[in-house]
Structures are given as structure tokens and as C-alpha cells.
Amino acid sequence: NAGDAAAFRPLSFCVTVPSPGGDDVSRCGLVARSRRPMSWCDVARTIHEVELSPLSCAKQSSAGDLAKHRHSMAVCGAFDADEKALLFGGNISRSVAGNWQTSAELFLASLPRAAGEPVVLKEVAKAPQAQWPCSRWGATLTQIRAGALLWGGWSREGETALPWMLRLREADADWSSCPGTGPEAVAFHTATAVDSKRVAMVGGLGDGASRSGVWIFDSSTEQWQQAC
């Protein structure tokens with residue numbers, strides 16, 4: 001229904017107040033940080049209230065390991081980390097057709113706690129012999145209890161239909177692949193955590209055309225299910 005469909009709007013598209021939000025707390029932030037189970041209708045209702053609230057945004061300065069120009073990165077909040085975000089990959093060229101180039105870099109962004117403070121970026125380097133997903137753009141990172149789930153995107157360097165789970169262990173990134181049969185890879189899709197274990201993937205651009213349908217990945221079994 002309309003409520004279910006609205007719940008799949010990417011939370012990253014919501015207009016939010018500068019973190020930490022002050023009095024006008026971001027409704028999208030409430031969804032992302034919710035510790036209680038939320039139905040799709042709950043999420044849709046919360047997101048809908050954003051459009052009825054007086055919110056604002058502001059450009060932030062940055063510091064640390066500054067990444068070169070890129071867009072269409074996979075972004076999510078860092079689990080158990082206060083006001084931090086994970087950023088992976090992206091298109092590092094200025095072209096969106098033909099000669100695009102992708103990155104496999106991973107960054108941890110510390111968001112400002114007060115007005116005027118910068119966003120501090122730290123690159124999480126690949127350890128020797130560590131597993132690492134291929135470079136890509138247009139992918140999604142979705143935080144669930146097991147870790148941050150990376151899926152999809154476009155790449156010329158490897159397979160993007162294989163889900164990867166990211167866990168931060170001290171200063172290192174621990175990536176593990178999740179083998180199994182699931183949907184064909186797409187880019188620019190929507191990924192939404194249904195609960196603490198499952199992520200729903202909707203739409204996206206595949207090989208030559210857009211895709212329909214909803215697929216759900218269950219991290220407890222590492223299996224896919226086509227919902228519709």
C-alpha cells in the first residue's frame with residue numbers, strides 16, 4: 001500500500017537539521033537510531049512528518065583524510081558509534097556515462113557535535129591479506145545488528161550481486177562475503193532495514209533497464225527471499 005511504498009524512500013534523501021539537531025530533532029535520525037521495532041507504516045509516518053516540520057540544513061567544513069571528488073557513495077550510520085557514519089566507494093570521475101571510475105575506499109566520518117566544528121574523515125585502510133569488496137558506485141550500505149550490509153552498485157572490477165557484511169573491530173575493517181543465490185545486481189536501488197536482521201532491496205538500475213520487485217536479505221541465514 002502507499003504506506004509501505006513510502007517506507008522505502010531512502011532515508012539519505014530526507015532533509016535533516018545539522019547534527020546533533022537541537023530542538024528540531026531530525027525525524028529521519030529518529031528512524032535510524034530507533035531501538036524499538038518499527039513497522040513499515042511507522043517508518044512511513046515518521047518520514048512523512050519531516051515534510052510538516054520546520055527543518056534546515058547547513059554546509060559543513062571537513063578535515064582529516066579528505067577524499068578526492070566522488071559521488072554516489074554508499075553511506076550508513078556506524079553501529080554503536082555516537083554521531084559517526086561509514087562511507088564506501090563512489091564514482092571518482094566526473095562522468096556518469098562511459099568513462100566512469102570507481103573507488104573501494106572506506107571512510108569513517110565523525111560528525112560535528114557543535115556548530116562550527118568540521119566533519120572529520122578517517123580512511124579505514126585495507127589490512128594485508130584482508131578480504132575486501134570490489135570498487136563500485138551506486139551501492140547501498142545498511143546498518144543492522146550483524147554489521148553494515150553492502151550490496152549492489154556498478155563496477156568493472158568484480159561481482160556486485162554478492163552481499164558483504166562490514167564490522168569494525170578496533171581500528172580495522174572486517175569484511176566478509178555472504179554467498180548464496182539472490183537478485184541480479186542493480187545500482188541506485190533503495191535498501192531499508194526491516195528489522196535488526198533483515199534488509200529489503202527495492203528497484204534500481206540493472207543491465208539496460210530499471211528493475212521492479214522487492215527482495216529481502218536475512219543476515220541470520222544469509223539467504224534471499226523475493227517478497228514481490
Side-chain angles (χ1 to χ4, degrees), residues 9-20 26 28-29 32 55-79 81 83-127 130-143 147-164 166 168 171-173 175 185-191 201 203-208 210:
R9 287 172 51 189
L11 295 182
S12 59
F13 283 100
C14 295
V15 178
T16 59
V17 296
S19 179
S26 161
C28 293
L55 303 177
S56 62
C57 60
K59 185 176 181 179
Q60 298 287 337
S61 60
S62 56
D65 300 327
L66 300 182
K68 64 180 294 185
H69 164 86
R70 66 193 61 203
H71 60 86
S72 305
M73 304 175 73
V75 182
C76 75
F79 185 71
E83 297 296 334
K84 294 181 185 292
L86 293 163
L87 305 89
F88 178 81
N91 182 347
I92 58 176
S93 73
R94 296 187 181 275
S95 173
V96 295
N99 296 321
W100 46 264
Q101 301 176 27
T102 52
S103 168
E105 292 173 311
L106 175 67
F107 292 89
L108 181 65
S110 298
L111 306 181
R113 294 176 176 271
E117 293 183 353
V119 175
V120 180
L121 290 169
K122 177 183 178 182
E123 183 176 0
V124 183
K126 178 183 178 181
Q131 294 189 77
W132 204 269
C134 66
S135 68
R136 64 192 71 194
W137 67 305
T140 51
L141 266 176
T142 310
Q143 188 64 250
L149 180 70
L150 173 71
W151 188 77
W154 288 344
S155 177
R156 295 191 176 103
E157 299 181 358
E159 177 59 59
T160 62
L162 185 68
W164 285 80
L166 170 63
L168 293 180
D172 295 328
W175 287 101
V186 296
F188 311 109
H189 53 286
T190 297
M201 313 290 187
L205 293 176
D207 185 11
S210 59

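Counting from 1, the numbers follow the sequence of the chain as shown. Not measured: the values here are computed from a predicted model.
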Closer than 3.5 angstrom, by distance alone: can the side chain of [X] be matched with the main-chain N or O of [Y] as a donor-acceptor pair?
X: Glu159; Y: Ala161; value: yes
X: Gln143; Y: Cys76; value: no
X: Trp132; Y: Lys126; value: no
X: Ser62; Y: Val119; value: no
X: Thr160; Y: Gly153; value: yes

Nearest 0.5 Å, what's the [atom1]-[atom2] distance between [X] and [Y]?
X: Arg113; Y: Glu83; atom1: CZ; atom2: CD; answer: 7.0 Å
X: Arg136; Y: Ser103; atom1: CZ; atom2: OG; answer: 11.5 Å
X: Thr142; Y: Met201; atom1: OG1; atom2: CE; answer: 5.5 Å
X: Ser93; Y: His69; atom1: OG; atom2: NE2; answer: 7.0 Å
X: Glu105; Y: Leu87; atom1: CD; atom2: CG; answer: 11.0 Å
X: Arg94; Y: His71; atom1: CZ; atom2: NE2; answer: 9.0 Å

Heavy-atom pair with the smallest gap, counting every atom of [X] and [Y]:
X: Ser110; Y: Lys84; value: OG-NZ, 2.7 Å
X: Asp65; Y: Phe107; value: O-CE2, 3.3 Å
X: Leu162; Y: Trp151; value: C-CD1, 4.2 Å
X: Pro133; Y: Ala104; value: O-CB, 4.0 Å
X: Leu86; Y: Ala148; value: CD1-CB, 4.2 Å
X: Gly203; Y: Val186; value: O-CG2, 3.4 Å

Original post:
Within 45° of the ring axis of Trp100 and under 6.0 Å from its six-membered ring centre, is that where the NZ or CZ of Arg156 lies?
Top reply: yes
Original post:
Are the side chains of Trp154 and Asn91 in touch, meaning some heavy atoms are under 4.5 Å apart?
Top reply: no
Subject >> Near-ring test Phe88/Trp164, centroid separation under 6.0 angstrom >> reply: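 Centroid separation for Trp164 and Phe88: 6.0 Å or greater.
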